[in-house]
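Indexing begins at 1, ligand by ligand and atom by atom, following the structure's order. FYI, side chains are in, hydrogens and waters are out, and symmetry mates aren't considered; it's all heavy atoms of this structure.
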Amino acid sequence: MSCSLAAEIKQNMSKASAKAPTGFDRFGLDESIVRGIRAAGFKKPRSIQSETIPAGREGRDVLGLAQTGTGKTAAFALPLLDRIMYKHRRGTSVLVLAPTRELANQITEEIRQLARYTQIKVVTVFGGVPMKRQIDQLRRRPEIVVGCPGRVLDLLQQGRLHLAHIESLVIDEADHLFDMGFMPDVRQILDALPRKRQNLLFSATMPDEIRKLADDLLHDPQVVELSTSAPVSTIDHALIMIPEGCKRDLLEQLLAGDDCRSAIIFTRTKNRVRRLTEYLGKSGHRVAGIQGNLSQARRDQVMRGFRKHKFDILVATDIVARGIDVSGVSHVINFDVPNTPEAYTHRIGRTGRAELEGIAYTFVTRFDHGWLRATERMIGFKISRKKVDGFEPDFNEPRPYQHGGAPRGQWRGNRSRSGPAEGKGQSRWGRPPGPGGSRRRTR
Ligand code: AMP
């Protein structure tokens, strides 16, 4: 075959694949957005997308009851990108509020990916880093701003962020925003927005406060309900009953398994993240820790490193339990049980993403039974128990808490929902304090 003929065939083939139909064609999205979808490798819409995109494109409000991992970022991003494509804009027209910096970054990356063949600019704003760079970026009049409420409010109050032309507001992980104590900030931001606008609210759970917010905010919304509190079906999850003192040995054994390619390990406190990261590093693992005491630059560096597979293991507090999407995490290991039953679903949802299979193990000591009962009640079934040879529960294990913990078998019920920000949290289920004896729970 002549070189020119081969080149022509190749060119035609790549044109054909660039035009290959995707299940997204039916939504009538602008061609440049469809190209972005193809480039992202999405072949067919997820069910949240099938239901949200048409309503979102028409400018309707949306209430999405969905956990992360369902494809909800693209579900709101695609119709909003389409709506602002050719509009004459006077300023930022889409505001997305998210509870954590990591989630805000992740949303921005996904929107940028989908908008790569458009001129639309997206800027992220969050606290913990100097404002200057964010202010410079805002000067370039981005069409979309993604941010955490605290920093959005600061910038707004300093006159650096103008929200007078917002046409669509997205509140992502509303229940988590609430748990982190952000609702007063959110309400103040709402006051600064034009009254006439489209609202899209996403939440994995619907506590009363979020129901009230939805009532205040949404007009005749399209309700898309995907969430059950149960974990997604691609996750194979089990509990391992084990004494506190054997956790490290069991962890080593699981990490050495052939099927363990990449793992996120959750611990209860920042201190435990530090200690376990150090221990695993000394045992020769490629590991990094992430917790709320780290600088933003370090947190970004760790997340980037983990995404690029520079580390196989990430040890974390609940700061990364929600929303964070890293492909190829084969295992989630709850070294300590989470604070709340809801957090269980979020933590283990870090694996089994994008319809891949994932494995999640939770180490349960005899002092975690209150949590276990509450969790099984919430997800509606009994989680399977896995036995690992050489690791048996020890029913005579001494309570690992020295001071002030709840009396044996009794769980302090701090059910206040006015959740504090990271580092000041307290369990809804009143799990007793760790070995340091402090009642303050840190993530
Ligand atoms: P999210 O729930 O938005 O965090 O999305 C979870 C993951 O699914 C992200 O990595 C998305 O890029 C990916 N995703 C979203 N929609 C699709 C789709 N239609 N096909 C394949 N992957 C998708």
Side-chain angles (χ1 to χ4, degrees), residues 20-27 29 33-54 56-57 62-82 94 96-116 122 124 144 146 170-177 200-205 224-235 262 264 303-304 306-309 320-330 332 345-358:
T22 71
F24 286 89
D25 293 334
R26 66 188 148 105
F27 298 121
L29 297 167
I33 298 172
V34 176
R35 279 182 73 197
I37 297 173
R38 273 194 214 107
F42 299 177
K43 300 264 177 323
K44 58 180 186 12
R46 301 264 176 86
S47 61
I48 190 168
Q49 293 161 356
S50 299
E51 293 189 52
T52 305
I53 294 173
R57 247 187 113 229
V62 173
L63 174 61
L65 293 164
Q67 19 187 125
T68 47
T70 51
K72 69 184 157 71
T73 312
F76 66 73
L78 291 170
L80 298 187
L81 286 171
D82 193 65
V94 175
V96 182
L97 295 177
T100 63
R101 309 161 203 190
E102 282 75 14
L103 184 58
N105 270 332
Q106 189 177 293
I107 292 171
T108 301
E109 274 169 32
E110 177 129 3
I111 301 179
R112 282 195 183 137
Q113 154 103 311
L114 295 168
R116 64 198 285 187
V122 192
T124 331
I144 304 179
V146 181
V170 180
I171 301 186
D172 197 12
E173 300 214 345
D175 50 350
H176 195 193
L177 278 166
L200 299 93
L201 180 79
F202 292 87
S203 193
T205 57
V224 184
E225 187 162 1
L226 294 189
S227 95
T228 60
S229 304
V232 296
S233 59
T234 49
I235 303 169
S262 170
I264 302 183
M303 285 312 295
R304 255 197 320 274
F306 190 56
R307 281 207 171 92
K308 292 190 172 156
H309 306 286
V320 291
R322 293 201 187 215
I324 300 306
D325 181 56
V326 177
S327 61
V329 174
S330 64
V332 164
T345 301
H346 290 299
R347 279 189 183 184
I348 73 172
R350 299 314 95 212
T351 184
R353 297 182 72 74
E355 289 165 10
L356 295 170
E357 306 267 301

Walk me through whether V329 and F306 qualify under side chain to side chain contact (heavy atoms under 4.5 Å, CB included). CA-CA 10 Å; V329 174; F306 190 56; 3.9 Å; yes
May I ask you to list the atoms of ligand 1 that are less than 4.0 angstrom from any heavy atom of K44? 18 (C), 19 (N), 20 (N)
What part of F24, side chain, backbone, both or neither, has a heavy atom within less than 4.0 angstrom of ligand 1? side chain
Could you tell me whether G71 and ligand 1 have an N or O pair separated by under 3.5 Å? yes
By the definition side-chain contact (heavy atoms from CB on, under 4.5 Å), identify the one residue from L103, L97, T100, I107 that meets it with E173. L103
Side chain of E51, backbone of I48: donor and acceptor closer than 3.5 Å? no
For H176 and P99, work out which heavy atoms get closest and say how close. ND1-CG, 3.5 Å
Any N or O of K43 closer than 3.5 Å to N or O of ligand 1: no
